[in-house]
2 protein chains.
Amino acid sequence: MSEGRPPVTAAPTLEDVARAAGVSRATVSRVINGIRNVDPAIQETVRRAIADTGYVPNRAARSLVTRRTGAIALVVSGAGEEDEANPFHSQVFADPFFGRVASGVVGFLRPRGIHPILMFAETDEARTQVISFLRQGYADGAVLVSTQSRDPLPRQLVEAALPSVLFARPGEAIPISYVDVAHRTGAKLAADHLVARGCRRVATIAGPLDVLAAQDRLAGFRDAMAAHGHPYIPCVEGQFTYASGETAMERLLSEQPGLDGVFVANDLMAQGALLVLRHHGRRVPEDVAVVGFDDSSAATASRPMLTTIRHPVEDMAAEMARLLLEHVDEPGKPMTSVIFEPSLVVRESA
Amino acid sequence: MSEGRPPVTAAPTLEDVARAAGVSRATVSRVINGIRNVDPAIQETVRRAIADTGYVPNRAARSLVTRRTGAIALVVSGAGEEDEANPFHSQVFADPFFGRVASGVVGFLRPRGIHPILMFAETDEARTQVISFLRQGYADGAVLVSTQSRDPLPRQLVEAALPSVLFARPGEAIPISYVDVAHRTGAKLAADHLVARGCRRVATIAGPLDVLAAQDRLAGFRDAMAAHGHPYIPCVEGQFTYASGETAMERLLSEQPGLDGVFVANDLMAQGALLVLRHHGRRVPEDVAVVGFDDSSAATASRPMLTTIRHPVEDMAAEMARLLLEHVDEPGKPMTSVIFEPSLVVRESA
DNA sequence: CTGAAAGCGCTAACAG
DNA sequence: CTGTTAGCGCTTTCAG
């Protein structure tokens with residue numbers, strides 16, 4: 001606008017602002033960082049100078065001295081059947097669960113002006129890259145959602161002393177903070193509901209049993225059913241995917257043709273199961289009652305809509321981010337775990 | 001292990017490596033950055049020293065001097081019905097289209113050691129934040145997927161001279177690179193198929209008409225049908241969501257009870273439409289043929305499986321990332337557009 | 001082919 | 001309350 005503005009080529013620096021305001025760099029720095037002890041009048045002058053020059057702080061320079069980047073990584077770790085046409089990250093995005101976690105993290109971080117760096121770590125090489133990436137100072141820490149309990153990344157993060165928080169209890173006992181849901185309580189809710197409905201021949205489709213959550217849901221369900229007088233619950237293992245739900249239901253039906261109730265360890269598999277049930281002419285919930293787990297978008301998208309166990313994934317993810325920020329701000333902070341309680345959502349399928 | 005390693009507190013710097021290798025910082029810097037003109041023997045010594053000290057370059061220091069961050073932003077811009085329980089980012093993650101874009105971007109970037117920063121820009125405030133964020137040097141540029149044609153962000157990016165590439169042609173004519181698919185060709189493919197099947201009373205469910213892609217699909221479909229001798233094609237506008245597909249189909253059915261074919265502007269809406277059709281006892285494809293668009297996961301998840309128009313979203317996204325990297329490396333590079341050709345995928349619904 | 005030296009833009013003591 | 005002074009760790013001329 002006026003000729004006072006420097007050519008667009010070089011971005012204005014603190015120095016430029018200081019000169020324009022007739023103060024020192026330090027003073028400008030103080031007002032930018034909201035440190036008090038700056039004369040209100042001068043503050044005003046400085047602010048105007050900032051606006052006039054169009055100054056924007058240089059992040060690299062700042063983090064060089066503060067040793068903080070103000071960024072955090074959202075890493076998804078796991079195994080997944082690697083395959084040219086269907087790489088790991090693509091599988092991850094296809095799972096509504098991941099979307100909810102990401103959404104919760106973003107929802108918490110964004111009002112604080114921070115945006116997550118998205119990383120995937122499905123191979124040893126990728127995991128090494130993640131660690132090295134963080135050590136280079138691309139981010140101050142990581143929130144991690146892992147899809148298998150044998151994942152070595154949590155331990156690697158701890159060993160590298162990188163602030164991090166997990167979604168779900170780690171497979172091995174290591175000093176790291178995490179958030180989780182009371183899977184067994186959720187499974188019990190499902191069992192109680194099925195029994196209350198009058199189901200007598202109940203089976204279950206579990207998740208992949210190398211995932212702790214899947215183990216807990218299965219164990220919790222069996223325990224609760226045992227308490228109701230049902231000592232044996234047939235089980236088929238799935239992979240938490242739609243297709244594996246179909247396959248599992250198919251098998252369950254052939255092995256237990258008389259079943260009248262099934263607890264499925266997640267909604268995606270339950271959706272697949274529903275389809276197979278219909279194919280076989282079983283009415284849901286009249287002939288077979290189905291209870292899912294997660295209350296994901298699949299629960300309301302399927303027909304009949306799923307009765308399921310809801311856990312507050314977004315809230316849990318937000319808490320995970322909150323904990324991470326605490327650990328970043330306060331390196332000595334002791335580890336914590338935050339366990340959320342699930343609840344039963346009754347819809348049409350049971 | 002040995003007492004030679006410094007206490008874990010301070011990360012080793014170039015200086016440390018140089019000392020360990022008995023050379024200068026400059027030399028170490030050269031071997032790290034793969035600059036030739038370094039004696040092979042010294043190179044070896046330096047490499048060993050790097051390994052011994054566990055040195056990792058400091059990104060902030062590097063980008064302070066290179067003026068490059070080595071990071072790029074993946075920004076999703078748009079409107080979306082903001083609502084406490086269902087914020088924009090959560091809607092985005094629920095759409096399989098976004099997952100495919102993200103997956104394509106990640107697939108391209110990851111082998112190159114770069115990880116995207118995820119940002120959402122659904123309000124003016126958020127958009128300003130995105131610009132300021134980029135100007136601060138959090139990333140070297142942005143790939144942008146926008147959900148509405150009036151989005152001001154593309155222009156803002158151009159004005160701020162920030163390297164960026166769009167997914168889809170911008171709503172206004174501005175000098176910016178983008179990738180897109182030939183929507184009209186895709187719509188024509190659908191029309192041809194429906195006509196070839198013998199459909200005579202055809203209607204369409206369009207996407208939100210403030211989205212260019214939706215406009216093009218509708219116009220392309222109508223043009224092609226006109227060429228086949230069908231001058232008038234009833235249309236109901238949807239929002240590219242599952243629920244809006246249901247609503248739209250419901251309306252179409254009441255207004256055009258005799259229809260025997262429908263082109264739905266994306267798979268998610270088509271999935272909703274399928275459900276309504278079944279509800280009303282119409283067999284698909286026998287009574288009503290349905291063609292979707294996208295070939296997203298919804299296409300194979302719905303029953304019957306969708307006949308749809310496939311476009312290579314992942315490839316397009318990868319190309320978008322590739323273009324961005326080019327623009328970052330070569331600031332003067334002229335703008336380009338890359339248009340991909342769609343194809344018809346015949347499954348069960350038509 | 002290698003080293004010395006000059007910053008990149010910012011914050012954080014430390015004086016005043 | 002404000003200015004001066006050191007660097008943060010790295011790349012990059014410029015000499016040698």
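By convention in this document, chain letters (A, B, ...) are assigned in the order of the sequence lines, proteins followed by strands, and residues within each chain are numbered from 1. Fair warning: this is a prediction, and the values are worked out from it, not measured in the lab. Any value given below was found using the heavy atoms of this structure, including those in side chains, with hydrogens, waters and symmetry copies removed.
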- Query: Closer than 4.0 Å, any side-chain N/O of B:T66 to the OP1 or OP2 of D:dT11?
  - Reply: no

Which atoms of nucleotides 6-10 of chain D (N or O only) lie under 3.5 Å from a protein N or O atom, and what are those distances?
| unit_1 | atom_1 | unit_2 | atom_2 | d |
| --- | --- | --- | --- | --- |
| D:dA6 | N6 | A:R25 | NH2 | 3.0 |
| D:dC8 | O3' | A:R67 | NH2 | 2.6 |
| D:dG9 | OP1 | A:R67 | NH2 | 2.1 |
| D:dG9 | N2 | B:A61 | O | 3.4 |
| D:dC10 | OP1 | B:Y55 | OH | 2.3 |
| D:dC10 | OP1 | B:N58 | N | 3.1 |
| D:dC10 | OP2 | B:L14 | N | 2.5 |
| D:dC10 | N4 | B:R25 | NH2 | 2.9 |

Heavy-atom side-chain contact between [X] and [Y] under 4.5 Å:
| X | Y | result |
| --- | --- | --- |
| B:R127 | B:S77 | yes |
| B:V76 | B:E122 | no |
| A:L144 | A:V165 | no |

- Of the nucleotides D:dG3, C:dA12, C:dA4, which one has an atom closest to the side chain of A:S24? D:dG3

- Using atom CD1 of A:I50 as one end and atom P of C:dC10 as the other, report the distance to the nearest whole Å. 10 Å

- Grab the CZ-P distance between A:R19 and D:dG3 for me, whole Å please. 15 Å

- Task: Identify whether NZ of Lys or CZ of Arg in A:R112 sits under 6.0 Å from the centre of the six-membered ring of A:F108 and within 45° of that ring's axis.
- Result: yes

- Less than 4.0 Å between a side-chain N and a carboxylate O, is that true for A:D329 and A:R68? yes

- Message: With ring pair (Phe, Tyr, Trp, His ring centres under 6.0 Å) as the criterion, how do A:Y178 and A:F167 come out once you've worked through the C-alpha distance, each side chain's angles and the decisive distance to 0.1 Å?
- Response: CA-CA 6 Å; A:Y178 64 89; A:F167 194 102; over 10 Å; no

